[in-house]
Amino acid sequence: MIKNILLGMLLFTVSADTIIKSETALSNDDYELVFSDEFNLPDGSQPDSRVWSNKPRNPDTCNRWNSGSKKAVYIKDGVLVCKAVPNKSERGDTARMLTGSVWTYGKYNVKYGKIEVRMRTNTKKGNFPAAWLKWQNKGIKSENYSEIDIVEMFGNRKAAHHTAHSQLTVSNKRHGENNTFVEKLNVKKWHVYGIEWTPTYITWTVDGKPVGTYYKSKNERLLKQGQWTFDAPCYIVLNQSVGDGSYSHMVPNCKTTYETQFDWIRVYQKKKSKATKEIKESADFNLVF
């Protein structure tokens, strides 16, 4: 386990122009901005190392070719660029492509609140980008799997996919829960993808419009099977990967380049409530760029 880094209450001024460029605004007075990365660093920079690091490679489809190469992850024109590029330069690396993936593991966690990310991607076969949350796995039973996909795209399909992966949904394919929601749209254009995550439900939004909700069950039998495993702090992942060919639209072209751009990511949490206290205690720090 990477030791969490306590940076304290480090706050930077967010300019009016930065806020205005959002295509949606959370007008609910119950929420306040507690974390934001606008990726406004010089061209060629890596994302701020106090918050982000490269996600390590592992056998999972989305991680199998992860790379720390600056060709796969960098900032340009005020956006975070994550790519999947043919591997022509990394000697001794058997990966067919180098894919860009960053995470806040060990540096920043979030529990409940509203999370929004402004992004756009390509529509090539094999495309597999995502913005998602996964539990920090500290002091929690390992069987309580928890993952919230704010958004994923699959291949050349013009649609955004939003999914809650609980222990029940991953261990029982016939669980009967509606845990995935699909919104058809042009993913090559900028959109704001978000969630509102509470102790009893997760609602996904696209450009501020609700597209689906996953509720905590009132059925004790389902709860014991892990229907709701979303009460633990999670880290954030932003990545560009490619499919493994399980479906025709997920066959990657390892000779071409895939690209996803992330304009910003923001976290809002409730004001003046018991929930706010619990959230702030679960996070390492509140950081606004």
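In this text, all values refer to a predicted model and were calculated from it rather than measured experimentally. All values below were derived from every heavy atom in this structure, side-chain atoms included, with hydrogens, water molecules and symmetry-related copies excluded.
In this structure a side-chain-to-backbone donor-acceptor pair under 3.5 Å is present from Asp43 to Asp77. A distance-only check finds no donor-acceptor pair linking the side chain of Arg120 to the backbone of Lys188 [under 3.5 Å]. In terms of modelled atom types and a separation under 3.5 Å, the side chain of Gln227 and the main chain of Tyr215 share a donor-acceptor contact. Side-chain atoms of Asn87 come within 3.5 Å of backbone atoms of Asp93 as a donor-acceptor pair (strictly under, hydrogens ignored). Thr198 contributes a side-chain N or O that, together with a main-chain N or O of Tyr201, makes up a donor-acceptor pair within less than 3.5 Å. Checked by atom type and distance alone, the side chain of Ser166 pairs as donor or acceptor with a backbone atom of Gly226 at under 3.5 Å. Checking side-chain atoms of Thr104 against main-chain N and O of Ile236 turns up a donor-acceptor pair under 3.5 Å. Judged by distance alone, with hydrogens and angles left aside, the side-chain atoms of Asn63 form no donor-acceptor pair with the main-chain N or O of Asn58 at under 3.5 Å. Not a single donor-acceptor pair under 3.5 Å links the side chain of Thr200 to the backbone N or O of Lys216. For the pair Glu259 (side chain) and Val81 (backbone), a donor-acceptor distance under 3.5 Å is absent.
In summary, the aromatic rings of Phe154 and Phe128 are positioned with their centroids under 6.0 Å apart.
The hydrophobic cluster containing Leu33 also contains Tyr31, counting ILVMFWY residues as joined when their side-chain heavy atoms lie under 4.5 angstrom apart, directly or transitively. Note: the hydrophobic cluster containing Val117 also contains Phe181 (ILVMFWY, side chain heavy atoms under 4.5 Å, direct or indirect links). Transitive grouping of hydrophobic side chains (ILVMFWY, heavy atoms separated by less than 4.5 Å) keeps Val242 and Val187 in distinct clusters. Linking Ile, Leu, Val, Met, Phe, Trp and Tyr whenever their side-chain heavy atoms come within less than 4.5 Å leaves Trp135 and Leu168 in two separate clusters. Put simply, Leu222 and Val170 are part of two different groups of oily side chains (I, L, V, M, F, W, Y) that touch within less than 4.5 Å, one to the next.
The distance from the OG atom of Ser241 to the CG atom of Asn66 is 6.5 Å, given to the nearest 0.5 Å. Atom CG of Asp48 and atom CG of Leu80 lie 12.0 Å apart (nearest 0.5 Å). Within the model, atoms CG of Asn239 and CG of Asn54 stand 12.0 Å from one another, a figure rounded to the nearest 0.5 Å. Atom-to-atom distance recorded for Glu38:CD and Ile265:CD1 is 10.5 Å, nearest 0.5 angstrom. Within the model, atoms CD1 of Ile115 and CZ of Phe35 stand 10.5 Å from one another, a figure rounded to the nearest 0.5 Å. Note that CD of Gln269 and NZ of Lys114 are 12.5 Å apart. Values are rounded to the nearest 0.5 Å.
Ring geometry for His162 against Trp204 counts as tilted: the plane angle lies between 30° and 60°, on a 0 to 90° scale. Note on ring orientation: taking the six-membered ring where Trp is involved, the planes of Trp197 and Tyr112 are perpendicular (angle over 60°, cut-offs 30° and 60°). Between Phe230 and Trp228, the two ring planes are perpendicular [angle over 60°; tilted spans 30° to 60°].
No cation-pi contact links Arg96 to Trp65, judged by a cut-off of 6.0 Å to the six-membered ring centre and 45° from its axis. Both tests hold for Lys124 against Tyr258: distance to the six-membered ring centre under 6.0 Å, angle to the ring axis within 45°.
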- List the steps, then state whether side-chain contact (heavy atoms from CB on, under 4.5 Å) holds for Tyr108 with Asp37. CA-CA 12 Å; Tyr108 178 75; Asp37 199 336; over 6 Å; no

- Derivation and outcome, side chain to side chain donor-acceptor pair (under 3.5 Å), residues Lys83 and Tyr74: CA-CA 9 Å; Lys83 289 186 174 182; Tyr74 57 89; 2.9 Å; yes

- Message: Set out, in order, the CA-CA distance, both residues' side-chain angles and the distance that settles side chain to side chain donor-acceptor pair (under 3.5 Å) for His165 and Asp149, then state yes or no.
- Response: CA-CA 8 Å; His165 296 284; Asp149 296 327; 3.0 Å; yes

- Can you check side-chain contact (heavy atoms from CB on, under 4.5 Å) on Asn127 and Asn156, steps first, answer last? CA-CA 7 Å; Asn127 187 39; Asn156 56 358; over 6 Å; no

Listed pairs under 3.5 Å, donor-acceptor, residues 246-254 side chains, sequence neighbours left out:
{"from": "Ser246", "atom 1": "OG", "to": "Asp244", "atom 2": "OD1", "distance (Å)": "2.5"}
{"from": "Ser246", "atom 1": "OG", "to": "Asp244", "atom 2": "OD2", "distance (Å)": "3.2"}
{"from": "Asn253", "atom 1": "OD1", "to": "Lys255", "atom 2": "N", "distance (Å)": "3.0"}

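Heavy atoms from other residues, nucleotides or ligands lying under 6.0 Å from CZ of Arg157 number 12 at most.
With respect to Lys189 and Asp207, no salt bridge is recorded, no charged nitrogen being found less than 4.0 Å from a carboxylate O.
Each of Thr99, Thr260, Thr257 was evaluated against Gln240; a single residue qualifies, Thr260, per the side chain to side chain donor-acceptor pair (under 3.5 Å) test.
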